[in-house]
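One-based numbering, in listed order, for ligands and for the atoms of each.
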Amino acid sequence: MNEYLKTVIEQTECRNEKEPEFLQAVHEVLTTIEPVVEQNKDLYKSVALLERMTEPERVILFRVPWTNDKGEVVVNRGYRIQFSSLIGPYKGGLRFHPSVNLSIMKFLGFEQIFKNALTGLPIGGAKGGSDFDPKGKSDNEIMRFCQSFMTELYRHIGQDVDVPAGDIGVGGREIGYLFGQYKRIRNAYEGGVLTGKDIVYGGSLARKEATGYGLMFFMREMLGAHNTCIMGKTITISGSGNVAIYACEKAQAMGGKVVAMSDSNGCIYDENGIDLDCVKEIKEVKRGRIKEYLECHPNAKYIEKSGVENPVWTIKTDIALPCATQNELILEDAKNLVSNGVIAVGEGANMPCSEEATKYLQENGVLVAPAKASNAGGVATSAIEMSQNSMRYYYTFEEVEAKLDCIMTNIFKACKEASDEYGLNNNYVAGANIAAFKKLAGAMVAQGIV
Ligand code: NDP
Ligand code: 2IT
């Protein structure tokens with residue numbers, strides 16, 4: 001391996017040794033951009049380009065005290081990683097989940113820089129969140145938590161500074177409470193400070209659908225480049241949250257047959273095809289568990305999660321769409337999918353496949369759509385929401401969807417061109433990293449040592 005690259009990987013491992021997810025994300029990027037680094041090693045080394053790209057511009061960590069319905073005071077930890085403002089204001093979601101820690105926040109912030117660069121829109125990279133667990137909390141508890149979280153976060157964000165949005169555990173309800181508190185503190189209507197807002201107070205049509213729809217536009221392009229399509233294919237999806245639900249909706253509209261979805265407890269298998277209205281009712285309205293699907297569809301099967309295998313990846317499928325969380329598809333799962341004849345895996349979640357799983361899939365001829373590219377439709381539509389807020393004018397659903405389709409098509413083109421240029425044999429994971437890195441490296445050199 002290139003000496004400079006090797007040194008930077010070693011230094012990063014040394015400086016962040018307790019951050020496995022962050023190291024995993026950095027390792028994947030640095031090892032795949034080697035041909036570009038090799039061509040420019042003296043320049044990059046002289047400006048410490050890779051050292052700067054892997055070090056966040058700013059890490060904010062704060063206390064979030066709030067009172068639960070029993071009157072007890074609870075203290076959570078809040079984070080905002082402002083990773084890179086190279087090509088626009090810091091931009092990226094907020095995750096509320098008990099697993100949230102510095103490593104997970106930094107991996108997500110790092111990935112966001114590359115994803116946002118691929119969209120072609122002026123947005124930097126960030127991520128934030130808290131180890132707060134929204135499950136089982138009342139609406140009032142969620143509101144009080146969001147208000148306390150924003151009471152610290154507000155001083156670090158702004159529509160030209162840093163623009164958070166949703167992620168796991170943060171959807172329209174949470175964005176509403178966060179926006180209300182921000183507006184109250186600032187005494188100004190700065191609509192572009194958060195994205196994923198409800199339509200009535202400044203959100204964009206199609207933002208809710210954007211990540212899942214975008215994933216399917218990317219899959220359509222990728223399959224098309226290999227002379228196949230979504231129509232008639234069997235599809236399994238992990239998760240049953242925002243990304244999974246709208247990936248399912250578009251997959252069905254494109255003629256695919258979705259037979260499985262999941263949550264962290266287990267997965268449902270419906271050989272007749274998933275009834276998405278039923279899933280929406282359980283997840284978006286009742287905030288229940290996926291198992292409840294059997295109450296309406298007693299002939300469907302429920303497989304409880306146990307052991308290392310993820311049950312959703314044991315089901316025979318043509319296309320697998322991991323849309324839940326990081327490292328939810330590991331080597332054992334990849335082996336199950338390959339032995340069942342999978343042709344493509346599309347990452348809706350961030351870093352859902354472990355590095356070993358990705359390698360195994362690619363070595364066995366499976367097309368892998370990498371998260372930074374294939375789930376970029378969410379943040380791209382967030383950027384379209386920001387531009388509508390600046391214009392004080394709204395696009396129709398069809399206008400936003402057409403822009404999203406065009407962005408996803410262009411992202412696939414960029415991944416394919418990079419893969420072809422460097423002779424990477426349809427390795428779109430490497431293609432996405434290279435296409436994004438080239439843009440970022442150019443901007444970094446142009447802006448000097450900052
Ligand atoms: P949601 O909170 O709406 O849904 C998350 C889903 O994933 C739920 O079904 C949840 O199950 C499941 N899940 C979460 N954590 C775990 C876990 N540790 N193990 C197993 N299942 C889990 O989140 P989103 O749909 O918004 O996000 C899903 C993924 O997509 C994340 O990786 C996120 O970073 C990524 N993403 C999201 C975007 C967006 O716009 N929302 C944009 C781009 C990427 P349960 O209810 O049981 O916890
Ligand atoms: O991971 C992601 O890209 C998101 N959670 C969406 C971020 C955003 O700013 O819309």
Side-chain angles (χ1 to χ4, degrees), residues 21 88-100 104-105 107-116 118-119 121 123-129 133-136 157 162-175 192-197 203-204 206-215 237-248 261-268 279-280 282-284 287-291 305 310-312 321-329 346-353 371-386:
E21 292 85 0
Y90 304 113
K91 180 84 193 90
L94 296 172
R95 177 177 291 191
F96 292 169
H97 194 272
S99 64
V100 162
I104 290 175
M105 291 286 100
F107 115 67
L108 289 162
F110 179 73
E111 296 252 313
Q112 200 80 44
I113 311 169
F114 295 82
K115 184 194 305 194
N116 294 5
L118 285 172
T119 66
L121 299 167
I123 39 180
K127 200 77 187 190
D133 185 0
K135 279 204 192 81
I157 62 174
D162 182 354
V163 182
D167 193 79
I168 293 178
V170 178
R173 172 181 62 169
E174 290 73 21
I175 293 294
V193 71
L194 288 168
T195 60
K197 300 180 294 295
S204 174
R207 172 61 189 90
K208 185 173 72 174
E209 292 82 358
T211 312
Y213 280 21
L215 171 64
I237 302 180
S238 66
S240 46
N242 174 265
V243 180
I245 286 176
Y246 292 95
C248 179
M261 292 183 84
S262 70
D263 62 21
S264 55
N265 295 112
C267 90
I268 48 161
V279 174
K280 282 186 180 175
I282 296 167
K283 290 293 175 182
E284 293 186 335
R287 298 180 187 274
R289 308 306 302 160
I290 199 73
K291 194 180 180 176
K305 196 173 175 199
N310 192 336
V312 73
L321 303 176
C323 296
T325 194
Q326 65 276 354
N327 292 324
E328 55 161 319
L329 197 164
E347 296 188 320
N350 285 308
M351 205 168 75
C353 298
K372 292 184 201 78
S374 52
N375 76 28
V379 75
T381 307
S382 279
I384 298 172
E385 181 172 334
M386 289 162 72

### Summary
Interatomic distance, SG@Cys267 vs NZ@Lys305, rounded to 0.5 Å, equals 10.5 Å
### Task
Collect the protein residues that have a non-hydrogen atom under 4.0 Å from ligand 1 and hand them over in chain and number order.
Arg95, His97, Lys115, Lys135, Asp167, Ile168, Gly169, Arg207, Thr211, Gly239, Ser240, Gly241, Asn242, Val243, Ser262, Asp263, Ser264, Arg289, Cys323, Ala324, Thr325, Gly348, Ala349, Asn350, Asn375
### Message
What's the separation between atom CG in Leu108 and atom CD1 in Ile113, rounded to the nearest 0.5 Å?
### Response
11.5 Å
### Message
Which residues pass the salt bridge (charged side-chain N to carboxylate O under 4.0 Å, His left out) test with Glu385, not counting sequence neighbours?
### Response
Lys197
### Summary
One should read off an interatomic distance between Ile104 CD1 and Asn327 CG, to the nearest 0.5 angstrom, of 9.0 Å
### Query
Under 3.5 Å, is there a donor-acceptor pair between the Glu328 and Ser238 side chains?
yes
### Close side-chain approach of Arg289 to Lys135, heavy-atom, < 4.5 Å
yes
### Message
Can you confirm whether Val379 sits close enough to Ile123 that some side-chain heavy atom of one is under 4.5 Å from a side-chain heavy atom of the other?
### Response
yes
### Task
Not counting sequence neighbours, which residues clear side-chain hydrogen bond (donor to acceptor under 3.5 Å, both in side chains) with Thr211? List them please.
none
### Task
Dump the intermediate steps for side chain to side chain donor-acceptor pair (under 3.5 Å) on Thr195 and Arg207, then the final yes or no.
CA-CA 9 Å; Thr195 60; Arg207 172 61 189 90; 4.9 Å; no
### Task
Identify, chain by chain and in numerical order, each protein residue with a heavy atom under 4.0 Å from an atom of ligand 2.
Lys91, Gly92, Gly93, Gln112, Lys115, Lys127, Ala165, Gly166, Asp167, Arg207, Asn350, Gly378, Val379, Ser382
